Amino acid sequence: MMCSKDELLTVVVLTYNQEQFIQQTLDGILNQETDFSFRILVCDDGSQDNTHYILKEYQEKYPAIDLILRDKNIGILPNFIDAISKCDKEFIAFCDGDDYWIDRGKLATQIDYLKAHRTTDILGTQASILFPDNKWKEPPQLEQVKSYSYEDLIASNMLLASTVVLRNKHVNLPEWLMKSSYGDWPLYLLSVENGQDIRVLNKVTTVYRKSIGVTKKTATSDIKFLKADLYIYENLMKNHLKHDWNAVIINQIFERNYLLMGNYNKHDYFLNSFKLFIPLFFNNLNQSGRIFKRYFKTIIKR
């Protein structure tokens with residue numbers, strides 16, 4: 001990698017108790033072959049293992065690394081929000097402290113693409129998934145470049161954070177995000193609501209460790225994920241996104257509540273499910289058959 005005062009990009013690395021993985025993460029970033037300079041911002045959230053010692057050793061060797069070593073754990077989202085607030089370069093890239101890059105040309109390819117395609121504001125790539133039992137899952141084949149609309153992004157987050165490079169819009173992340181379960185998707189939604197392109201290159205550049213480290217805590221409950229999505233939708237609609245997107249968000253709120261109703265039944269939370277069933281049924285009579293079917297089907301098949 002090159003190093004100078006005229007850095008083009010900040011690579012954000014969030015880490016907590018990842019002594020097993022952080023060296024591989026940093027090596028994948030430092031091995032990038034670029035004709036531009038970039039900064040590596042590592043935010044350690046009060047690790048209790050040897051992560052911070054490893055980080056200090058790397059910083060002594062590589063001046064492009066900036067460290068934030070917290071005295072105590074403040075949580076994933078406060079750590080994320082603080083890191084984003086310190087990004088002052090034209091572009092932001094991410095690599096979580098338990099993931100790693102395997103393509104030395106990752107950043108160069110993405111920056112070249114973003115410079116050539118000014119209407120694209122977020123660019124991801126494909127990733128291989130590594131599970132705790134050392135089994136692998138390779139991504140499906142896409143078009144050479146897969147394009148997504150803003151409506152697609154509202155429906156779901158199709159981007160793995162550790163593959164992403166985005167234009168830095170210097171978004172002031174809202175206070176409610178502190179209570180969210182994840183920050184990357186809201187950041188994307190707040191950055192490109194004016195209709196800019198979201199694209200994914202059909203190129204594997206990254207290894208994503210599934211259900212390992214920090215992400216393990218948030219990967220255990222379908223109910224938790226659905227409720228997290230609802231929290232984000234409701235706050236975006238109340239406070240941030242243009243009214244043009246309200247109908248799309250309202251539809252997604254319905255879909256998440258529809259899924260949540262059934263999942264409550266599957267986990268024996270029958271009262272919670274019934275409380276959702278009543279308003280869903282009577283406020284969406286045009287879909288009453290679908291709602292009725294899922295409600296009773298998930299009771300019978302639990």
Side-chain angles (χ1 to χ4, degrees), residues 1-4 7-15 18 20-42 54-55 58 61-62 64-66 83 87 89-118 120-132 134-148 157-168 184-185 187-188 197-215:
M1 65 171 288
M2 294 181 64
C3 187
S4 79
E7 294 148 332
L8 187 66
L9 176 145
T10 303
V11 181
V12 174
V13 179
L14 303 181
T15 185
Q18 292 170 329
Q20 293 175 277
F21 311 120
I22 193 64
Q23 289 177 277
Q24 194 170 27
T25 300
L26 293 176
D27 288 343
I29 299 168
L30 291 164
N31 288 335
Q32 290 296 296
E33 297 172 353
T34 67
D35 59 2
F36 55 83
S37 298
F38 58 89
R39 170 192 180 209
I40 305 168
L41 175 62
V42 185
I54 297 169
L55 293 175
Y58 268 77
K61 294 180 184 178
Y62 303 102
I65 296 177
D66 289 341
C87 293
K89 310 306 176 187
E90 185 178 353
F91 299 97
I92 303 173
F94 301 95
C95 192
D96 290 339
D98 50 5
D99 299 336
Y100 59 99
W101 295 345
I102 54 175
D103 181 353
R104 289 173 178 261
K106 177 189 184 297
L107 289 182
T109 299
Q110 289 177 283
I111 292 299
D112 285 348
Y113 189 95
L114 288 167
K115 284 183 173 182
H117 299 81
R118 295 290 176 178
T120 300
D121 274 1
I122 302 179
L123 183 63
T125 73
Q126 296 275 59
S128 298
I129 299 175
L130 175 58
F131 293 91
N134 287 321
K135 291 183 179 179
W136 291 82
K137 181 180 179 181
E138 296 303 326
Q141 286 295 308
L142 301 175
E143 306 160 28
Q144 193 61 31
V145 180
K146 177 70 173 177
S147 295
Y148 296 94
N157 182 11
M158 73 291 293
L159 300 156
L160 281 174
S162 293
T163 74
V164 166
V165 176
L166 74 157
R167 297 187 197 277
N168 187 1
D184 54 340
W185 184 35
L187 173 64
Y188 308 151
D197 294 337
I198 302 121
R199 296 185 177 178
V200 175
L201 301 178
N202 186 26
K203 184 177 186 181
V204 175
T205 66
T206 303
V207 173
Y208 167 66
R209 296 185 193 270
K210 182 78 169 178
S211 301
I212 295 174
V214 172
T215 58

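These figures come from a predicted structure and were not determined experimentally. Values below: every heavy atom of this structure, side chains too, minus hydrogens, waters and symmetry copies.
Remark: Y113 pairs with H117, T120, L123, V145, R199, L201 by the side chain to side chain contact (heavy atoms under 4.5 Å, CB included) rule, at least two apart or across chains. With sequence neighbours excluded, the residues forming a side chain to side chain contact (heavy atoms under 4.5 Å, CB included) with E138 are S128, W136, listed by chain and number. Residues passing the salt bridge (charged side-chain N to carboxylate O under 4.0 Å, His left out) test with D66, sequence neighbours excluded: R39. Under the salt bridge (charged side-chain N to carboxylate O under 4.0 Å, His left out) criterion, K137 pairs with no residue at all, not counting sequence neighbours. For D103, the side-chain hydrogen bond (donor to acceptor under 3.5 Å, both in side chains) criterion is met by K203, not counting sequence neighbours. Under the side chain to side chain contact (heavy atoms under 4.5 Å, CB included) criterion, I122 pairs with L159, V164, L166, Y188, V192, I198, sequence neighbours left out. When the side chain to side chain contact (heavy atoms under 4.5 Å, CB included) test is applied to D112, no partner is found at least two apart in sequence or on another chain. With sequence neighbours excluded, no residue satisfies side-chain hydrogen bond (donor to acceptor under 3.5 Å, both in side chains) with T163. Judged as a side-chain hydrogen bond (donor to acceptor under 3.5 Å, both in side chains), and not counting sequence neighbours, the contacts of S162 are D99. By the side-chain hydrogen bond (donor to acceptor under 3.5 Å, both in side chains) test, D27 is found to be paired with Y58, residues two or more places apart in sequence or in another chain being considered.
Here I40 contributes atom CD1 and T10 contributes atom OG1; the two are 10.5 Å apart, rounded to the nearest 0.5 Å. Distance check: R104 CZ to T109 OG1 gives 13.5 Å after rounding to the nearest 0.5 Å. To the nearest 0.5 Å, atom CH2 of residue W101 and atom CD1 of residue I29 are 5.0 Å apart. Here the straight-line distance linking atom CG of L9 with atom CD of Q32 works out to 9.5 Å at 0.5 Å rounding. Note that CD1 of I54 is 4.5 Å distant from CD of Q23, once rounded to the nearest 0.5 Å. Residue L55 holds its CG atom at 8.0 Å from CD1 of I65, rounded to the nearest 0.5 Å.
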What do the steps show when you test F38 against L8 for side-chain contact (heavy atoms from CB on, under 4.5 Å), and what is the final call? CA-CA 6 Å; F38 58 89; L8 187 66; 6.0 Å; no
Where do R167 and D121 land on the salt bridge (Lys or Arg N to Asp or Glu O under 4.0 Å) test, with the steps shown first? CA-CA 5 Å; R167 297 187 197 277; D121 274 1; 2.9 Å; yes
CA sep, side-chain torsions, deciding dist, call: I22, D98, side-chain contact (heavy atoms from CB on, under 4.5 Å): CA-CA 6 Å; I22 193 64; D98 50 5; over 6 Å; no
Between T205 and I102, is a side-chain contact (heavy atoms from CB on, under 4.5 Å) present by the stated rule, with each step listed? CA-CA 5 Å; T205 66; I102 54 175; 5.6 Å; no
Determine whether F21 and L26 satisfy the following criterion, side-chain contact (heavy atoms from CB on, under 4.5 Å), listing intermediate values before the conclusion. CA-CA 9 Å; F21 311 120; L26 293 176; over 6 Å; no
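Side chain of T15 to backbone of G97: no donor-acceptor contact under 3.5 angstrom is found.
Here the side chains of N168 and F91 are not in contact, with every heavy-atom distance at 4.5 Å or above. Contact annotation: the side chain of V165 approaches that of L114 to within less than 4.5 Å [non-hydrogen atoms, C-beta and beyond]. At least one side-chain heavy atom of Q126 sits less than 4.5 Å from a side-chain heavy atom of N202. Counting heavy atoms from C-beta on, the side chains of V12 and I92 come closer than 4.5 Å.
Here the options are Q18, Q24, Q20, the test is side-chain hydrogen bond (donor to acceptor under 3.5 Å, both in side chains), and the partner is R209; only Q24 passes.
For A127 against L160, the heavy-atom pair with the smallest separation is CB-CD1, 3.5 Å. The minimum heavy-atom distance linking T25 with C95 is given by the pair CG2-SG, 3.8 Å.
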